[in-house]
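Working notes, structure below.
Naming: A, B, ... by sequence-line order, numbering from 1 per chain.
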There are 2 protein chains.
Amino acid sequence: MYSISDEELDHVYRFALDLANGAGEMLQKSVRGRMQSNSLTNLQQEEKESAVDLVTKADEDVEAFIKRSIQEKFPSHHFIGEETYSKGASRQYLIGDEPTWCVDPLDGTVNFIHLFPMYCVSIGFVVNGKPVVGVINAPFLKQTFSACKGRGAWLNEKQKLPLIRNPIPPIPPNAPSGCIFSCEWGKDRRDHPDSNMHRKIEVFLNMAAEIGGRGGKGGMAHGIRSLGSATMDIAYTAMGAFDIWWEGGCWEWDVCAGICILEEAGGLITTSNPPNDFETAPIEPVKLGSRLYLGIRPAGPSSIETSREGQERAIRETWRRVRGLDYLRPGV
Amino acid sequence: MYSISDEELDHVYRFALDLANGAGEMLQKSVRGRMQSNSLTNLQQEEKESAVDLVTKADEDVEAFIKRSIQEKFPSHHFIGEETYSKGASRQYLIGDEPTWCVDPLDGTVNFIHLFPMYCVSIGFVVNGKPVVGVINAPFLKQTFSACKGRGAWLNEKQKLPLIRNPIPPIPPNAPSGCIFSCEWGKDRRDHPDSNMHRKIEVFLNMAAEIGGRGGKGGMAHGIRSLGSATMDIAYTAMGAFDIWWEGGCWEWDVCAGICILEEAGGLITTSNPPNDFETAPIEPVKLGSRLYLGIRPAGPSSIETSREGQERAIRETWRRVRGLDYLRPGV
């Protein structure tokens, strides 16, 4: 086990905020270039696994900037970044106990390419396997979400999360009714009856359908949202805007900063794949590298439930309506 | 037919911009109140048609402000607003040739309640049945989309739409592959096999699935987005961020400003329900009150197509993959 002093943690947090700011500025510089000159062709896109998995030069430049900055400042810290990891052959989970930065230089790459504002830099810092600092900077929106363990979570360093907090609303009594449910379509678009895409569709339908529909699974969610960035989805869950964030297939760099921010805001996060005994199983802490995530927003108590009881109820009511997704990960 | 001078139109446009700004500020004032005091219970929600169709006091106050301001400034103009219209019994389309303001004081009400930033004020102005001024103000995001007939479309009055414009990208050769497709789940959540919800799901699946999937209808769209506000969807289509916006069930106040902005930006908009001869049918101009909309972003020419040819191809490739939705409207 590693120990890190409060002073060191402050130092890391301050540095992460500045770094995310600088990286966001790099993304916007690239955007301004595209607004003034030839756009898509200038982006130097390469196809990775499929036409929806695009990597841009901006991704790689921003990751190189972040990695270099961290190595100069904290030479003993480890570094995991989407672009460098994706070039390796292994899909093993590599984060151990030692202090490790876990970075997505650009989440929402498709949005970035199309200039839809929902893209961001995500910088997480992990000690003993737990995210303890997280910064998400969405530069087009001028929104920075940040947290440091024990110090709460913030929007633009001045508004405490969740935004509505006097009091923080309890989980609605008939959740998912009254809830906004957030999930992305993702890159796995195979048209097999049992593919992840078809499993997700089943979940969307269960969440959206009228009460009594879908063989009793109809949840009549208040809304279904797909933004094209899992990182922004978690950020808005921490903000309290989304009630339920359910996802599979993303990686530790997509969620590392977000998990810290969501937990510091008072949210609860566990696995998206329901256990067999979903009505009574203990709610296990999320595994950073699991690729399976279910987050519930910060919630206040009601007259009959604690905050945690309401959140656990939302998790079980989600598990009741979802199917497990097929994402395996060696060593997690 | 009414005629309106350039000077009058300028006057209306300037007034609409100021009005949307004032209305957006009212929404944010209500938001700030909720961040400081009891939230959901203070919103004075009433249920209209279902639990997902909430009307808030802010809606009504903002509409009253907009209506009063217009009546003072332009006493001869007609006014259609969501809140006043919805209280009437008729569902007839009421906009004629005379100058008419068509206003949604708050689009994305569910987002507004949950404090997800995708909500806006939408102010349109119609002459001879055509939207000629449109302003969409999203106050949380500090984004104002605006247009005046013949003068182009703008973000925050300074960036011309679409944002990427040197050159404006053509429609991708295998659209909907390479495209972001935007559509909302809507309020009709009936679980009949032929309900609008199930028809929409079929469309989502066709758009998302791999090429060759879905019996040949798989479109492998670059992304599927649902923001919870049709008005914001159109705004982002005008911006060029979304390539295809397909929707049914919204009303003239949801789309009036957006149609003007999309058309002035260079987009194309028609009906979402495919004609029988969808491969060859003429692309008819959109009917404001039709409740059925299909918008394509502004596009540049390619080496083999004009802008319009690319947009028409995107419309036909969308029609090929969608089902007609069941929204009837007397008199349209």
Out of curiosity, B:F116 CZ to A:H222 NE2, how far, rounded to the nearest 0.5 Å? 14.0 Å
For B:F242, which atoms come within 4.5 Å of any heavy atom of chain A: side chain, backbone, both, or neither? side chain
CG on B:L163 to CZ on A:R32, rounded to 0.5 Å: 13.0 Å
Determine whether a donor-acceptor pair (N or O, by modelled atom type, separation under 3.5 Å) exists between the side chain of B:D191 and the backbone of A:A209. no
Does a side-chain heavy-atom distance below 4.5 Å link A:Q159 with B:M35? yes
Side chain, backbone, both or neither of A:L141 within contact of chain B (heavy atoms, under 4.5 Å): side chain
Choice from B:I201, B:I180, B:V31 maximising heavy atom contacts with chain A below 4.5 Å: B:I180
Look at A:S195, A:S182, A:S226 and state which one has the largest set of heavy-atom pairs under 4.5 Å with chain B. A:S226
Go through it in stages, so that I can follow the logic: the residues are A:F204 and B:F204, the test is side chain to side chain contact (heavy atoms under 4.5 Å, CB included), and I'd like the CA-CA distance, side-chain angles, deciding distance and then a yes or no. CA-CA 11 Å; A:F204 282 132; B:F204 282 132; over 6 Å; no
B:K160 atom NZ, neighbour heavy-atom count above 12 within 6.0 Å: yes
Go through the atoms of B:D243 and report whether side chain, backbone, both or neither lie under 4.5 Å from a heavy atom of chain A. side chain
What pair of heavy atoms forms the shortest contact from A:W185 to B:L205, and how long is it? CH2-N, 4.4 Å
Determine, step by step, whether A:H114 and B:R297 satisfy the side chain to side chain contact (heavy atoms under 4.5 Å, CB included) criterion, reporting the C-alpha distance in whole Å, the side-chain angles of both residues, the deciding distance to 0.1 Å, and the verdict. CA-CA 11 Å; A:H114 292 253; B:R297 69 158 165 86; 5.8 Å; no
Nearest heavy-atom contact between A:I113 and B:I164 is O-CD1, 4.2 Å
Mind ranking B:G218, B:G213, B:G228 by heavy-atom pairs under 4.5 Å with chain A and telling me who comes out on top? B:G228
Around atom NZ of B:K29, are there more than 12 heavy atoms of other residues, nucleotides or ligands at under 6.0 Å? no
Do the side chain of A:R189 and the main chain of B:A221 share a donor and acceptor less than 3.5 angstrom apart? yes
If you count heavy-atom pairs under 4.5 Å with chain B, which of A:P162, A:G212, A:A208 comes out on top? A:A208
Any donor and acceptor pair, going by atom type alone, linking the side chain of B:R225 with main-chain N or O of A:L227 inside 3.5 Å? yes
